[in-house]
Structure formats: structure tokens, C-alpha cells
Amino acid sequence: MGFLIRLAITAVALWVTTLVVPGVEVSGRSGTSSALTLAVVALIFGVVNAVLKPLIKVVGCVFYLLTLGLFALVVNALLFLLTDWIARALDLPFHVDGFWAAFWGAIVMAVVTWLISVVVPDRWEGR
């Protein structure tokens, strides 16, 4: 259940990102098509972050220390671009228009995901 909640939160954050950041867009033919695309891209984004981000943190820990963590913004933008590349390879109607769109898109995604996660619990306490 927690996985589906996280996926839904990421998909909603991705949708908000497409509304706020110019250069990040989903061009589905219908609302259902766009929602399905957002869910699949959210899944891709989650897998990319789960697999690559810890490896990048270990390998690039010196850069994280030297930049006081600001290197994370560049890493997040590059992971967002990788998500775009994988989505295009899967022929999904998702597009990120360059590094700066990915940079701002990753920031908006992080903030919106955090805000939604504060409101929506990951696990239900009353089991």
C-alpha cells in the first residue's frame, strides 16, 4: 500500500511540475492518457532515484562536501533528464526541454513531493 501511495504522490508532484515549469510537459491525447503517462514516468523516476542516487552519493561524496550539498541539485537535474531519456525510449509523451528545465523541475518535484508527504501519511498508524 505504501508503494502505491508514494507512486501517487510522485505522479501528482510530476503533474504539478508540468504545470509550473516551462519545458517539462506531458502531451497525452486525453486526460486518461496523460494520467497514465504521469504514473509510468513517476515509476521510472522512482526507480532511477532508488537505484542511481545512492551510488552517485557514494561516488561523488567529495563533490557533495566541497559544494556543501549544492551538487545534489545538479545530480537531481541529471536524474530528471535521465528519466526523460528513458521515457522517450519507451515512447511515452513526456518531454524535458534541457538542463535548466530539468533543474527547476527537480526542485519543484522535491518541494511538492515533500509537501504532499507531510499531509498524506506513508503508512497508516491504526493497523
Side-chain angles (χ1 to χ4, degrees):
M1 182 76 164
F3 170 76
L4 292 177
I5 292 171
R6 299 294 313 159
L7 182 65
I9 289 171
T10 305
V12 169
L14 187 60
W15 174 66
V16 170
T17 302
T18 63
L19 296 176
V20 173
V21 178
V24 179
E25 56 190 36
V26 173
S27 56
R29 298 173 206 245
S30 66
T32 305
S33 172
S34 293
L36 185 58
T37 299
L38 288 170
V40 173
V41 172
L43 180 64
I44 294 168
F45 188 72
V47 169
V48 164
N49 276 317
V51 172
L52 292 179
K53 199 167 190 173
L55 295 173
I56 293 169
K57 280 185 177 180
V58 169
V59 173
C61 67
V62 172
F63 293 112
Y64 281 93
L65 290 172
L66 288 175
T67 64
L68 302 175
L70 293 176
F71 186 64
L73 297 172
V74 173
V75 169
N76 288 341
L78 294 174
L79 292 175
F80 205 66
L81 282 172
L82 179 61
T83 301
D84 170 55
W85 182 80
I86 293 171
R88 284 183 188 219
L90 296 174
D91 211 21
L92 294 171
F94 176 73
H95 178 66
V96 178
D97 191 28
F99 176 79
W100 290 109
F103 181 83
W104 293 111
I107 290 173
V108 170
M109 280 280 297
V111 169
V112 173
T113 301
W114 176 77
L115 286 172
I116 296 172
S117 296
V118 167
V119 176
V120 177
D122 207 5
R123 289 182 232 126
W124 299 104
E125 301 294 330
R127 281 194 194 196

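Distance check: L14 CG to T113 OG1 gives 9.0 Å after rounding to the nearest 0.5 Å. Between the CD1 atom in I56 and the CZ atom in F63 there is a gap of 12.0 Å [rounded to 0.5 Å]. Here the OG1 atom belonging to T83 is positioned 8.0 Å from the CE atom belonging to M109, to the nearest 0.5 angstrom. Summarising the geometry, atom CG belonging to D84 is positioned 10.0 Å from atom CD1 belonging to I44; distances are rounded to the nearest 0.5 Å. Note that the CG atom of L79 and the CZ atom of F45 stand 7.0 Å from one another [nearest 0.5 Å].
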Discussion item. Run V96 and L81 through side-chain contact (heavy atoms from CB on, under 4.5 Å) and show every step you take.
Written reply: CA-CA 7 Å; V96 178; L81 282 172; 4.0 Å; yes

Practice prompt. Starting from the C-alpha separation in whole Å, work towards a yes-or-no answer on side-chain contact (heavy atoms from CB on, under 4.5 Å) for V119 and L115.
Written response: CA-CA 7 Å; V119 176; L115 286 172; over 6 Å; no

Item to complete: Mind running side-chain contact (heavy atoms from CB on, under 4.5 Å) on E25 and T18 for me, showing each step along the way?
Response: CA-CA 5 Å; E25 56 190 36; T18 63; 5.6 Å; no

Item to complete: Check the pair L43, L7 against side-chain contact (heavy atoms from CB on, under 4.5 Å), reporting the backbone distance first and the verdict last.
Response: CA-CA 6 Å; L43 180 64; L7 182 65; 3.9 Å; yes

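For R6 and S117, the side-chain atoms include at least one donor-acceptor pair closer than 3.5 Å.
Scored by the side chain to side chain donor-acceptor pair (under 3.5 Å) test, N49 finds no partners at all (sequence neighbours excluded). Partners of F94 by ring pair (Phe, Tyr, Trp, His ring centres under 6.0 Å), not counting sequence neighbours: none found.
Cluster annotation: L65 and L55 are assigned to distinct hydrophobic clusters (Ile/Leu/Val/Met/Phe/Trp/Tyr, side-chain heavy-atom contacts under 4.5 Å, transitive). Under a hydrophobic clustering in which Ile, Leu, Val, Met, Phe, Trp and Tyr are joined whenever their side-chain heavy atoms come within less than 4.5 Å, directly or via other members, L66 and L78 fall into different clusters. At a threshold of 4.5 Å between side-chain heavy atoms, the hydrophobic network of Ile, Leu, Val, Met, Phe, Trp and Tyr places V48 and V58 in two separate groups. When the side chains of ILVMFWY residues are joined at heavy-atom separations under 4.5 Å, either directly or via intervening members, V59 and V62 end up in two distinct hydrophobic clusters.
Residues A42 and T10 approach most closely at CB-CG2, 3.7 Å, considering heavy atoms. Residues I116 and A13 come closest through the heavy atom pair CD1-N, 4.4 Å. Shown here for F80 and A102, the closest heavy-atom pair between the two residues is CD2-CA, 3.7 Å.
Checking each of L68, V75, L73 against F71 for a side chain to side chain contact (heavy atoms under 4.5 Å, CB included) leaves exactly one that passes, namely V75.
Using a 4.5 Å heavy-atom threshold, the side chains of V24 and D97 count as separate.
Between the side chain of N76 and the backbone N or O of A106 there is no donor-acceptor pair closer than 3.5 Å.
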